[in-house]
Amino acid sequence: MQGLTETLWPIRYKPFDDELLSCWLVRLAHGHGLKVQTFCNLLFGNRLQVWNRDIDRLAPAWLLRELIARTGTPRARAEGTTLRVFEGVLYPQFKESGNLLWVLAAQVYHRQRMGNAQQFCARCLAEDEIPYFRKTWRVALKTVCLRHQCMLWDRCPKCEVGVAFHRMDMGRPYVPENGALAACFRCGFNLATAPAQPIQILEQPAFDLLADSVSSLDAVSVDPSASFPSDRVVVLRHLVRLMLSARRTVELRGFVADRLGVEDLAIGQGKRLAIESLPTATRHVLLQFGAWVLVNPEARLRQAWKSRAIRYNHLLREFDAAPAWYTGIAEQFSEWRDRLA
Ligand SMILES: [Zn+2]
Ligand SMILES: [Zn+2]
């Protein structure tokens with residue numbers, strides 16, 4: 001404990017590729033033989049609470065400053081552990097509260113994380129020498145691990161509780177061994193041994209389009225200069241939003257399900273349903289529905305429009321960031337043409 005007051009800590013782990021800030025912090029605590037809460041209290045006192053907020057999203061400057069100074073980690077590398085790296089990629093501008101596009105909502109309630117915002121690939125965890133959690137596992141766009149060709153999990157397969165690795169040492173008399181982060185905090189199940197579920201592919205071209213976007217996400221998460229198909233992904237989210245719309249005049253989801261010959265999803269048409277708070281399995285289907293439209297957007301949106309599954313005004317409503325190619329397609333279905341049709 002003495003060592004914690006020194007400029008550099010005795011343990012100076014650096015973040016792994018794509019590692020999340022919270023995971024890095026927990027590893028540092030355990031590396032020092034301390035519980036997460038004890039470690040954070042020693043560093044920041046009771047004044048600055050670490051775990052009652054989504055630090056991966058908020059990236060508090062005081063926290064990063066401390067980690068950079070005490071571990072000798074280059075600033076860019078430390079800052080690269082937060083979900084802010086997706087600013088200008090997945091969402092136009094960072095904001096502290098409210099829904100952040102494509103970032104799974106952690107819904108922190110007194111240090112407890114409700115929901116299933118922390119996905120994981122069991123095989124990635126199993127392969128890691130030291131299991132750790134990735135930034136991309138917090139992104140709603142990603143439902144699969146391309147490296148292992150399997151679905152991501154969004155909860156413990158045994159007790160079905162969401163992942164909260166920062167809580168695993170709470171209420172336990174011992175400090176977990178380094179490398180124990182893959183254990184479910186609630187029931188202790190080793191998440192790395194969760195069975196690999198095969199990817200459900202509704203239609204190959206649609207899945208390929210989605211997989212290509214996920215692959216770009218993986219690249220940009222470790223190298224911010226990598227290219228990312230922002231135009232396509234912003235339209236994909238708008239299409240998914242339409243498919244979650246509570247308006248009875250929007251039947252795009254049913255339309256696509258019908259075309260793909262699959263059953264429509266049974267999701268309550270809640271008013272504020274956003275893809276960022278849906279379980280992985282549901283998102284996986286919705287994203288493929290949206291990707292199916294994007295494989296041939298002009299023809300498929302026209303079919304949907306002709307079938308009255310969508311109206312012109314829905315296509316552009318609350319969609320300021322619409323790219324020109326998409327607006328061009330939507331304009332073909334404007335009201336006056338609608339009347340002539
Ligand atoms: Zn994997
Ligand atoms: Zn469990």
Side-chain angles (χ1 to χ4, degrees), residues 15-20 22-24 26-27 30 35-36 51 56 81 83 85-86 102 104 106-109 111-177 179-201 207-208 210-223 226 279-281 283-284 287-288:
F16 293 119
D17 265 0
D18 197 31
E19 184 173 13
L20 272 169
S22 56
C23 183
W24 181 33
V26 172
R27 285 199 303 114
H30 293 171
K35 289 190 173 195
V36 173
W51 299 107
D56 295 316
T81 62
L83 298 169
V85 296
F86 299 122
W102 291 117
L104 289 170
Q107 303 166 51
V108 180
Y109 178 74
R111 264 187 246 162
Q112 293 200 38
R113 297 201 175 193
M114 327 297 280
N116 305 82
Q118 182 62 70
Q119 308 176 100
F120 65 93
C121 165
R123 291 207 174 158
C124 280
L125 291 176
E127 258 181 32
D128 291 340
E129 205 175 313
I130 310 270
Y132 69 97
F133 289 80
R134 277 76 165 164
K135 296 195 293 287
T136 51
W137 292 348
R138 281 288 310 274
V139 178
L141 177 68
K142 182 158 168 164
T143 53
V144 298
C145 176
L146 293 174
R147 181 179 157 85
H148 295 109
Q149 288 296 310
C150 61
M151 297 294 300
L152 297 182
W153 284 94
D154 65 356
R155 64 200 69 195
C156 165
K158 194 172 170 209
C159 73
E160 302 205 332
V161 162
V163 174
F165 49 81
H166 68 288
R167 301 186 68 206
M168 65 175 303
D169 56 24
M170 287 181 195
R172 292 193 170 85
Y174 56 89
V175 176
E177 265 179 53
L181 282 199
C184 167
F185 83 95
R186 175 65 59 79
C187 75
F189 179 81
N190 182 0
L191 300 174
T193 64
Q197 307 174 96
I199 297 175
Q200 183 205 12
I201 297 175
F207 177 75
D208 290 346
L210 184 62
D212 181 71
S213 309
V214 171
S215 165
S216 302
L217 173 74
D218 290 343
V220 87
S221 191
V222 287
D223 175 10
T280 304
R283 276 186 285 113
H284 185 64
L287 288 168
Q288 288 185 82

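Start at 1 and go down the list; that is how both ligands and their atoms are numbered.
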**Q** Take the Zn ion (ligand 1) as the vertex and measure to SG of C121 and SG of C145; round to 10°.
**A**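 Seen from the Zn ion (ligand 1), SG and SG are separated by roughly 110°.
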**Q** What is the name of the N/O/S atom of H148 that is nearest to the Zn ion (ligand 1)?
**A**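 The nearest such atom is ND1.
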**Q** Establish, yes or no, whether a centroid distance under 6.0 Å links the rings of F165 and F185.
**A**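 Here the rings of F185 and F165 have centres that are no less than 6.0 Å from each other.
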**Q** Scan R138, K135, R27 and name whichever one has a salt bridge (charged side-chain N to carboxylate O under 4.0 Å, His left out) with E19.
**A**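 Output: one option passes, namely R27.
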**Q** Roughly, to 10 degrees, what angle do C187 atom SG and C184 atom SG form around the Zn ion (ligand 2)?
**A**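 Angle SG(C187)-the Zn ion (ligand 2)-SG(C184): 110°, rounded to 10°.
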**Q** Please determine whether C150 has a backbone or side-chain N, O or S atom lying under 2.8 Å from the Zn ion (ligand 1).
**A**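 Looking at C150, which is the residue asked about, there is no N, O or S atom under 2.8 Å from the Zn ion (ligand 1).
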**Q** Are any of the side-chain heavy atoms of R155 and P279 separated by less than 4.5 Å?
**A**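 Side-chain contact under 4.5 Å: yes.
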**Q** Between D218 and R147, does at least one N-O distance fall below 4.0 Å, as a salt bridge requires?
**A**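 R147 and D218: not salt-bridged.
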